[in-house]
Amino acid sequence: MTIDSLVQHIGETVTLKGWLHQKRGSKGLFFMVLRDGTGMVQCVVNQGKVDATSWDNASSTTQESSLIVTGEILKDERQIGGIEIQASQIEVFQIVKDYPITPKSHGIDFLMDHRHLWLRSRRPWAIMRVRNRIIMSIHNFFQERGFLQMDAPLLTKNAVEGTSTLFEIDYFGSSAYLTQSGQLHGEVMAMAFNKIYTFGPVFRAEKSKTRRHLTEFWMIEPEMAFYDLDMNMTLAEDFLIRIASDAIEDCHEELDLLGRDLDWLRRVQPPFPRITYTDAVELLHSDQTQVMVQKHIEQLQQERSDLEQERTANRQNYGQLKEWKKRRIDAREIEINIRMDQIDEELRNLPQWGKSAEQFEWGGDFGGSDETLLTWHFDRPIIVHRYPESVKAFYMKRDPEDDRLALGMDILAPEGFGEIIGGGQRADDLTFLEEQVQRHRLPQDAFEWYFDLRRYGTVPHSGFGLGLERTVAWICGLEHIREAIPFPRMLGRLSP
RNA sequence: UCCUCGGUAGCUCAAUGGUAGAGCAUGCGGCUGUUAACCGCAGGGUUGUAGGUUCGAGUCCUACCCGGGGAGCCA
């Protein structure tokens, strides 16, 4: 029996195998929160209702000790899940000594060093389950629409994105690279199977230390023959709507535990605003944007002064309080300090963001701050399309109505989560592509097989890439992408 | 690579240049309905590293190492 299925068996006696998450007790009574991977449940151990060995076992268990609990399932509305176990027997696999991750707060460095244990905690549990649900949605979405799942090679000879972000490895004496994208091979398969999608890891040697970057992450890249840019955007829109609605439907408990504001996810409904790059630049230049920045600054200043007042009040009353209450105040003070640091950082950044938006020049690529400011204008994901060709990859088709533009599109998630999808319509003309490869100083011969796609039955086609971890971070409302993957690989982190 | 903040007990954090502390965790004791339980007692430290200033350095200065946040770049 697993904890997630207990609710259907109220009144029955069951045996659960798991780990001790937490224990409280008083004379002759223990409350043990048992974790088995599927959920948590409180087990009550009453000295009068168990044998002596079981009582000793219960007494000696520590955090993360592995054990077997037998007992009756009782309804108890006060508890998590509305049930608790009245234990009749406790057996032990192992008594643990000094489990490093205590129920109190920890710093991120410590937690990352103990990621192999941290994954047992509540928060990672919820996130990984949402990730799993999202992966299922992705496969269901494409499979239901007749897409063929394909695996692109991870070792390649070609750069797809910028060459500076390639991981180079020795391949029997010559150099090879870890793939940055499965797209070129996806195009091959689209010409063979019409509609395909890849789902695999990609690698980028970006020396980025931000909340949105990993060096190894998972990408989903559909590629469709006979799709133009508009069809591509519609597919991407349907795709995100499906992911969000499945998560809302099936991940109540997890999203609740993460404190996710579901209203933002419920608003992921068609149509997503579609704005051209040029309009987006105008929006950045608008007074409206400046007003928004100003409003944000004022809000933060308000929050800051509220926190300051609370802190002062706490300190004034401090002397007269009972010991346990003092500790609460101490803990709260730490929380306040952390939040104030965040606010100060944002208050330092926001004026710069406003300035950089104001001075943004047509032709450049949006920075993280520009994306964030753009999304502030809308209540759901937005699609920005028709970028200047100079900021997009060599394989993008040009806009027939304006040669300066590429038929690319990005989808920006709201609430500052930024770009989660990038894609577009592919160049289908051989001569144009050959010129582009030359212009970008890419090795012509490495792309010969790719050019063959334009020699033998070229057709209009499109596709996009979705970053899985960014999507998980968005759906879960995570501040940092490192929590969206079990074992994040980042600048300076290769273990565990 | 640049900017910025930080590194003090196992963990989270305190400490006007002047005797290094608290909570949690751990150990022992108490408490029969706890929800980050509570109460009492105990053990626990080369203040990131190497120099320097000073009567005196956790605190000031220099260099380096490690980490957080941000910029650039991107999904």
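Heavy-atom basis, side chains included; hydrogens, waters and symmetry copies ignored.
Taking every side-chain heavy atom of A:Arg211 into account, B:G69 is the closest of B:G33, B:A75, B:G69. Residue A:Asp76 has its side chain nearest to B:G33 when only B:G33, B:G68, B:C74 are considered. Here the nucleotide nearest the side chain of A:Gln42, chosen from B:C74, B:G67, B:G33, is B:G33. With B:A75, B:U34, B:G68 as the candidates, the nucleotide lying closest to the side chain of A:Phe31 is B:U34. Nearest nucleotide to the A:Lys97 side chain, out of B:U26, B:G67, B:C31: B:U26. If you check B:U32, B:A75, B:G27 against the side chain of A:Thr62, the one that comes closest is B:G27. Among the nucleotides B:G68, B:A36, B:U34, the one closest to any side-chain atom of A:Arg482 is B:G68.
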Task: Dot-bracket line, read 5' to 3' along RNA chain B, where crossing pairs take [ ] and | marks a partner on another strand, Watson-Crick or G-U under 3.5 Å - done: (((((((..((((....[..)))).(((((.......))))).....(((((..]....))))))))))))....

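For B:G69, the base has no donor-acceptor partner in the side chain of A:Glu346 [N/O atoms by modelled type, under 3.5 angstrom]. No N or O donor and acceptor, one from the side chain of A:Arg24 and one from the base of B:C31, sit under 3.5 Å apart. The base of B:C74 lies close enough to the side chain of A:His213 for a donor and an acceptor atom to sit less than 3.5 Å apart. Counting atom types as modelled, A:Gln22 pairs no side-chain N or O with a base atom of B:U35 as donor and acceptor under 3.5 Å.
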For nucleotides 42-49 of chain B, list the nitrogen or oxygen atoms of the protein found under 3.5 Å from its nitrogen or oxygen atoms, one pair per line.
none

Polar pairs (N or O, both sides) under 3.5 Å between protein and nucleotides 1-10 of chain B?
residue : atom : partner  : partner atom : Å
B:U1    : O4   : A:Lys207 : O            : 3.3

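Within a 6.0 Å radius of CD in A:Glu479, no more than 12 heavy atoms belonging to other residues, nucleotides or ligands are found.
Across the protein-nucleic acid pair, A:Lys27 atom NZ and B:C38 atom P stand 21 Å apart, rounded to whole Å. With rounding to whole Å, A:His21 atom NE2 is found 12 Å from B:U35 atom C1'. Atom NZ of A:Lys23 and atom P of B:C38 are 16 Å apart (whole Å).
Contact between the side-chain N/O atoms of A:His480 and the OP1/OP2 oxygens of B:G68 is not found at any separation under 4.0 Å.
In this pair, A:Phe366 and A:Tyr387 present their aromatic rings perpendicular. The plane angle is above 60°, beyond the 30 to 60° band.
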